Amino acid sequence: MNKMLLFTPIEINGMKLKNRLGLPPLLNMPANKDCTINDETIRWFEDRAKGGVGLVMSGAVVAGPEPDFAMLEMLQMTRVGLYDDKFIEGFARIADAVHAHGAKFGVQLESQTGGPMSGKGPSLPPYPDAENATDDFLKIFLNFEFPVTEVTIDEIEAAKQFFADASLRAKKAGADCVELHCAHGGATFNCSFISPYYNRRTDRYGGSWENRLRLSTEIIQGMRKAVGENFPILARIDSDQLVGKRGITLQDTIKHVVPALEKAGVDCLDVTQGDILRSMQGILIPMYYPRGCFMEMTAQVKKATKLPVIGVGRILEIEMANRFWEGGKADIIYMGRQLTTDPETPKKFLEGKADEIRHCIGCNMSCGPCPINYEIHREGYIPLTPAEKPKKVLVIGGGVGGMEAARIASLRGHKVTLMEKSAKLGGLVASLAKTPMTTEFGNLIKYLSIQMEKRNVDVRTGQKAGVTEVEALKPDVVLLSAGSTMQIPAEAKGKPGVMDHIEALNRMDEIGQKVVIWGLVGADLAVSLAKAGKDVVLMGRGGIETLAKYYPQSRRFYIFRQLTDINVPRVTPEGQRLSNPEVLYHITVEGVANNQIQTVNKDGVKRTIPYDNLIVSRERKPNNELYEKLQGKVAEVYKIGDCAAVSEIQEAILMANEVARKI
Ligand SMILES: Cc1cc2nc3c(=O)[nH]c(=O)nc-3n(C[C@H](O)[C@H](O)[C@H](O)COP(=O)(O)O)c2cc1C
């Protein structure tokens, strides 16, 4: 394979890209509350341009009207605006910063009113239920829906004007192209009009495909008039809305959307998929999906057009991007969360340092800031500076918090030793990587383990660190990252077949046919085991609202749908078709004996459930005993991660950086 092919230039209506890699629109770009940009916004774009991509696209920018700032505040959101000339100066700063690194800068434009998700619909709800969908994302998770009002003809006319004006402002600011957001179903003004799912109007903007595409085509024509012939206009479209036949399907896109937008005069199609309300897993694609999983649909769109096509979706590796381009599936590849996690992905690849690339884990916790890339942390960001005085640092615990602290401390010039009691590095997160659905957690372990070697950390696995071992090493600083232990309730402790969640992950091969998972937080393990053919009951104290409660939204949405619809049916000996996993809410455990768990629900209904394995997925307790014991024995002792407070990966990485960047 000629790896350099991806790094050949491409020209789109006069815009020369140095290679075929780009940053897609991501709303996680920083901004001020008044929609202006700040130094952090510049740092965000500049870092990505510096990393080596050819095109840097902005996240959805408000073309107009002026946002309701109180609403943004309520949603704890910031947006970047371009609905007034006053924003041009800020965009010029971004364009200059991006250009300084040889990349081109594009501006994605969207109406502030968005689609039904933000309260404006081509038609009023209710919208048809998608096949298989139990409910939409806002109702499930936020128990909240914007009251939707119908877009008026005056609002359509105003939109045509503000999209045209904003395009011209982008051009004046020095941007190299604009992109009209026509994707993601109910999330956007344009896509909700294109989609038969949301648009049931009877005027000239509804009914036929021609009518439903009229809004986008008129907006594009207005934008073209504003920017002139020799300025690239891109359109972001859904290959498929992923809500079944009543939404935009791949066939519809090929037959109707592509020809209409070509005719309207766009220069390039950026192809994505999904609907923010009903199939958000197509947009914020969680780790449960294979890498590059949607590229086949993009390839179908590419076959249907002569325009250059951009492909996107869980592409993390340059090799994979190159394969898609060489295989003719797309002309340009966007990498979104990967460049959020490691903006230097192309640069490291070209410098022969591919093994130093930090790969996205697809956790979707929050991409702004990225849980595993402290560099895009915003509030109270501590730059990485050489240590004033190199110290002897001992890290206790080789999980992600410990390894990240060791990496940072050694980068700063400290002499670092890491002690891990088990034979392997990785801790809890390495265990999480063991189910087929969550293997992506392993990316972080791989990256950090390689960093231990590259940064010359003295790693001592299989070594328990007690006071004696610590004193023998005479460190100046101890960073205690000893993790946590899952608690097993007294009635289950020591009984045959009982395992805690982590033990279960580490001994997947030994798990029997009948599995009961005690704790609704074990939801993705339950789905994973059901997919592997086990009969699974998932049960917990809470109601449906607590199901997979602490998962990030797009992962929770996927799991929720798996658990509330009958996706992997299990047929009982009596021929009853049950959901597998079967989920039981409001359960109190009355006893555990003889491989059976006795339960009672909130209505007093008792049930005895037999199991081969009872997996307890409940609270974890910090392993912090050593902290007190080391007081007065070592000059500086700090706790990191679960042993400070049981939490998630992002807190461990954050704490590791906050401590290791200061010592
Ligand atoms: C935090 C976040 C914000 C996003 N914001 C936008 C946006 O403003 N406009 C848009 O068209 N897509 C948006 N997307 C979708 C991405 O452009 C991209 O299609 C998606 O992340 C899949 O690509 P990836 O797997 O390479 O990240 C967003 C995605 C994420 C994760």
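Ligands are counted one by one from 1 in listed order, and the atoms in each one are counted from 1 as well. Here the structure is a predicted model, which means the values were calculated and not measured.
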Inset, instruction - Report the residue from D39, T41, N38 that forms a side chain to side chain donor-acceptor pair (under 3.5 Å) with R93. - result: D39
Inset, instruction - Report the residue from V429, N443, L444 that forms a side-chain contact (heavy atoms from CB on, under 4.5 Å) with I372. - result: L444
Inset, instruction - Apply salt bridge (Lys or Arg N to Asp or Glu O under 4.0 Å) to E40 and list each qualifying residue two or more places apart in sequence or on a separate chain. - result: R43
Inset, instruction - Verify whether the ring centers belonging to F105 and F45 lie closer than 6.0 Å. - result: yes
Could you list each nitrogen or oxygen of ligand 1 that sits under 3.5 Å from a protein nitrogen or oxygen, with the atom names and the distance?
| unit_1 | atom_1 | unit_2 | atom_2 | d |
| --- | --- | --- | --- | --- |
| ligand 1 | 5 (N) | L27 | N | 2.9 |
| ligand 1 | 8 (O) | A60 | N | 3.0 |
| ligand 1 | 9 (N) | Q108 | OE1 | 2.9 |
| ligand 1 | 11 (O) | Q108 | NE2 | 2.9 |
| ligand 1 | 11 (O) | H181 | NE2 | 2.9 |
| ligand 1 | 11 (O) | R236 | NH1 | 2.9 |
| ligand 1 | 12 (N) | P25 | O | 3.4 |
| ligand 1 | 12 (N) | R236 | NH1 | 2.9 |
| ligand 1 | 14 (N) | P25 | O | 3.4 |
| ligand 1 | 17 (O) | P25 | O | 2.7 |
| ligand 1 | 17 (O) | R236 | NH1 | 2.9 |
| ligand 1 | 19 (O) | R236 | NH1 | 3.4 |
| ligand 1 | 19 (O) | R236 | NH2 | 3.3 |
| ligand 1 | 25 (O) | R314 | N | 2.6 |
| ligand 1 | 25 (O) | R337 | NE | 3.4 |
| ligand 1 | 25 (O) | R337 | NH2 | 2.7 |
| ligand 1 | 26 (O) | G336 | N | 2.8 |
| ligand 1 | 27 (O) | R337 | N | 2.8 |
| ligand 1 | 27 (O) | R337 | NE | 2.8 |

Inset, instruction - Check D238, L242, D240 against S279 for a side-chain contact (heavy atoms from CB on, under 4.5 Å) and give me the one that passes. - result: L242
Inset, instruction - Applying side-chain contact (heavy atoms from CB on, under 4.5 Å) between V266 and each of I220, T217, N13, L180, report the one that passes. - result: I220
